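Just so we're on the same page: letters track the sequence lines, and every chain starts at 1. Only this structure's heavy atoms are used, side chains among them; waters, hydrogens and symmetry mates stay out. Fair warning: this is a prediction, and the values are worked out from it, not measured in the lab.
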There are 2 protein chains.
Amino acid sequence: MSKRATSRDVAEHAGVSRTTVSFVLNNVPGIRISEDTRQRVIEVARQLNYHPDASARRMASGKTKTIGFILRQTPDQVFADHLLPQMLGGVSQAATAQGFHVLFEPITPEDNSGAYVRLIRERHVDGIILSGPRFDDRELLKIHAEGAPVVLVGQLSQTDIPFIDVDNIGGARLATEHLIGLGHRRIALITNASTAYSASLDRLIGFRQALETSGIPYDLSLVRYGQFTPQSGEAAMNELLDMIPRPTAVFVASDVVALGALRAVHKKKLSVPHDIAFVGFDDIPLAESVSPPLTTVRIPAAGLGWAAVDLLTRIIAQEEIRNPKVVLETELVVRASCGAAAGLTHPA
Amino acid sequence: MSKRATSRDVAEHAGVSRTTVSFVLNNVPGIRISEDTRQRVIEVARQLNYHPDASARRMASGKTKTIGFILRQTPDQVFADHLLPQMLGGVSQAATAQGFHVLFEPITPEDNSGAYVRLIRERHVDGIILSGPRFDDRELLKIHAEGAPVVLVGQLSQTDIPFIDVDNIGGARLATEHLIGLGHRRIALITNASTAYSASLDRLIGFRQALETSGIPYDLSLVRYGQFTPQSGEAAMNELLDMIPRPTAVFVASDVVALGALRAVHKKKLSVPHDIAFVGFDDIPLAESVSPPLTTVRIPAAGLGWAAVDLLTRIIAQEEIRNPKVVLETELVVRASCGAAAGLTHPA
DNA sequence: TTGACATGGTAAATCGTGTTAGTAAACCGT
DNA sequence: ACGGTTTACTAACACGATTTACCATGTCAA
């Protein structure tokens, strides 16, 4: 097991200088090297099993070609994040395509030590994507002010930090309008989480907008608040099902919460969509495989990842960004739980 | 926006040498620095907002304090990997605890270019965890032979590469024995995938072992092969339900596949567990939230991550490893789909 | 007095590359 | 024959730390 080969070794064996080795192996444009020398260097490099040292290269070039992907979630939230694989997959696909690596770092929301900003400060990465930014994150504002490349997934009002987000309001409107279009008038809402989360609030707003546009009064007694979990959905749904008269449809602003709600319905021996129609939100991978398959609003999770990487790499490259705030559209995916397929409609 | 502070700047402002700065800031043991000097250095570093450059540090120390987490899956597989968040969460938790960062890199199984081995060769990372190793991966064998720290998640027979795996045989036996214990004799099996995958094969073996131990003949006509997806499970289940007499129970060696099978049952207006009992495998996060909640075999996904990191970091530290092959036990999680809760038993 | 040892540091080598500025030789047109 | 250009390459510095080896001074026991 001899020592690793360095560019110096290659240079010596090929009878050229290190500079030439670097030029050849990096294919530096605008530099003339004879085909003869070029081949010799390449051949020697192969023979010596030469691979340039990443750390040295980073130091010399000043670029790490790495981005940090920070997830502001507790371990429990990470474990139950059904769109994480898509999102992360999108991120690494896009990053790889641009020659970047991805450093993955979850960090609990309570952790205000700003540990993750060290990734930037110590130059582990060229920039970071932060999913689930917090209002009280002073360290984040600081590094952004210092000029560090940062892209948020999710919004942070009051700042000009570039972000990628989903059109939650539009998506919720889509879902609600669909139910209205099927003839429903008594439509309940179960939120995905507390309205302290902007995504939750936006989905509620979209729900309300759709009602108002159709002239249906917004009835607060038909609104319940989920907490990310199926359990919270089940509890909320039980309350709604006990109402007299019952709502004829419900928009659950999260598929995971909707599964709990679905269970509540099944336990009462009621049927979806016949007794109550469902529309969810997120289009998690299993939404189409539960019974009944869930009509839901698709979030382009992988697309969020791509877009975030795309934006971030442009910022890193110091490009002039025309629009640093990107909102991706959602899409209604109609399956069985809303009753549309069955031609079910409700009288006004 | 002035230049970044370097250790030289700190040294000058504090009136000491760079060596001393390094000693103080790294708390190098066995080195004496007066408390006075120490405080001065720390204070100056704070004032100058000094953060050591990761690349320079890597180069000088020869350690990257980073591990690569490689996922040998297609993008589609990644998107539908319901245990990925747990596993990845486990990996980064453990890594963080040991002062390591995690580089995440999915790579399609078809890609035999060995792109990921560059992570090792170019010293981006100190070692790698490879999930889903392939038999035909020559590059993998090569870097292992070269002494690179590698830990597999999943086994590769014929090699002595350290690995972490789940006791698939034992888990399948657990599931099957549970059904047998409930009185079932006509028990079907739907595999999670082709038996070309060792995990699939092992689960089939465990199923068979349980039958044989109880003196129940292994009936090939009761075996169907899933392909990761709910669709494959639905198709398989339809075949099984058409049999006369029907099996009274089925062990589906994957929760995701089981969901499709469940749908098939629902479509035929049959009931679980009354008409047919179910036991799944994996304990994906939604297993407890579907209807009926799925009895299943829990894989300690986060534990796989921890264990892999633990093993890898020991190898990196050149510790003597007593047991480089770790098999984690599974756990049967009894819910409603098997009928145990309802006290349902089947006559022999 | 002297040798040993502890104290509190520092100088200098090293890590392995990228990159700018420069140069020797060959070529070329007149 | 000669100035100018192209070709093909190299010397040397920069990047920012870690780490080994060494040194000056003071103290203390023999």
Side-chain angles (χ1 to χ4, degrees), chain A residues 2-42 44-45 48-66 99 118 120-124 126, chain B residues 2-42 44-45 48-66 99 118 120-124 126:
Chain A
S2 60
K3 243 18 217 150
R4 270 173 71 85
T6 71
S7 73
R8 168 175 279 99
D9 299 327
V10 176
E12 281 170 8
H13 282 73
V16 297
S17 71
R18 283 199 321 104
T19 308
T20 302
V21 173
S22 177
F23 285 164
V24 169
L25 264 29
N26 292 330
N27 249 315
V28 177
I31 290 282
R32 287 154 225 297
I33 304 285
S34 70
E35 194 52 29
D36 190 36
T37 310
R38 184 180 296 272
Q39 289 308 325
R40 190 153 27 97
V41 168
I42 291 176
V44 170
L48 296 184
N49 195 24
Y50 169 69
H51 295 270
D53 183 279
S55 305
R57 180 183 276 214
R58 286 172 175 216
M59 177 150 60
S61 71
K63 291 149 190 284
T64 68
K65 292 306 256 174
T66 303
R118 296 201 325 171
I120 281 285
R121 292 236 158 88
E122 298 179 354
R123 294 241 176 105
H124 283 97
D126 292 335
Chain B
S2 59
K3 247 4 218 156
R4 272 172 71 85
T6 71
S7 76
R8 168 176 279 99
D9 299 328
V10 176
E12 281 170 7
H13 282 73
V16 297
S17 71
R18 293 177 47 238
T19 307
T20 302
V21 172
S22 177
F23 285 164
V24 169
L25 263 30
N26 292 329
N27 247 317
V28 178
I31 290 282
R32 287 150 226 298
I33 304 286
S34 68
E35 193 53 29
D36 191 36
T37 311
R38 185 180 296 274
Q39 290 307 326
R40 188 152 29 95
V41 169
I42 291 176
V44 170
L48 296 185
N49 195 25
Y50 168 69
H51 294 270
D53 182 278
S55 305
R57 182 188 281 227
R58 286 171 175 219
M59 178 151 61
S61 71
K63 291 150 189 286
T64 67
K65 293 305 255 176
T66 303
R118 296 200 326 170
I120 282 284
R121 292 236 159 88
E122 298 179 353
R123 293 242 176 103
H124 282 97
D126 292 335

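Residues A/K65 and A/D126 approach most closely at N-OD2, 2.8 Å, considering heavy atoms. A/L48 and A/A5 make their closest contact through O-CB, 3.7 Å (heavy atoms, listed as atom of the first residue, atom of the second, distance). In terms of heavy-atom proximity, B/D9 sits nearest to B/R4 at OD2-O, 3.8 Å. In this structure, A/S55 and B/T64 approach most closely via the heavy-atom pair OG-CG2, 4.4 Å. Nearest heavy-atom pair across B/Y50 and B/T6 is CE1-C, 3.4 Å. Scanning both residues, A/E122 and B/H51, for their nearest heavy atoms gives CG-CB, 4.1 Å.
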Report each atom pair, protein N/O against N/O of nucleotides 23-28 of chain D, whose distance is under 3.5 angstrom.
none

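Spacing between atom CG of A/L25 and atom P of C/dT19 amounts to 14 Å, rounded to whole angstrom units. For B/R57 and C/dG16, the CZ to C1' distance is 19 Å, given to the nearest whole Å. Remark: P of D/dG16 and CZ of B/R4 are 8 Å apart, rounded to the nearest angstrom. Spacing between atom CG of A/D53 and atom C1' of C/dG16 amounts to 6 Å, rounded to whole angstrom units. The separation between A/K65 atom NZ and C/dG18 atom C1' is 15 Å, rounded to whole Å. Whole-Å rounding puts the B/D9 CG to D/dC15 P distance at 11 Å.
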Inset, instruction - Would you mind building the protein contact string for nucleotides 5-15 of chain C? One character per nucleotide, 5' to 3', B for base within reach (heavy atoms under 4.0 Å), S for sugar-phosphate only, - for untouched. - result: --SBSBBB--B
Legend entry - Test side-chain contact (heavy atoms from CB on, under 4.5 Å) applied to A/V16 and A/R38, step by step: CA-CA 10 Å; A/V16 297; A/R38 184 180 296 272; over 6 Å; no
Inset, instruction - Start with the C-alpha gap between B/T20 and B/S17, add the side-chain angles, then the distance that decides, and say whether side-chain hydrogen bond (donor to acceptor under 3.5 Å, both in side chains) holds. - result: CA-CA 5 Å; B/T20 302; B/S17 71; 3.2 Å; yes
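Between C/dG18 and A/S22, a contact under 4.0 Å exists linking OP1 or OP2 to a side-chain N or O.
Rounding to the nearest 0.5 Å gives a distance of 4.0 Å between CZ of B/R58 and OG1 of B/T66. Rounded to the nearest 0.5 angstrom, A/R18 CZ and A/E12 CD are separated by 10.5 Å.
Between its two ends, the helix from C/dT1-D/dA30 to C/dT30-D/dA1 turns its axis by 50°, counting five pairs per end and rounding to 10 degrees.
Salt-bridge check for A/D53 with B/R123: passed, with a basic side-chain N closer than 4.0 Å to an acidic carboxylate O.
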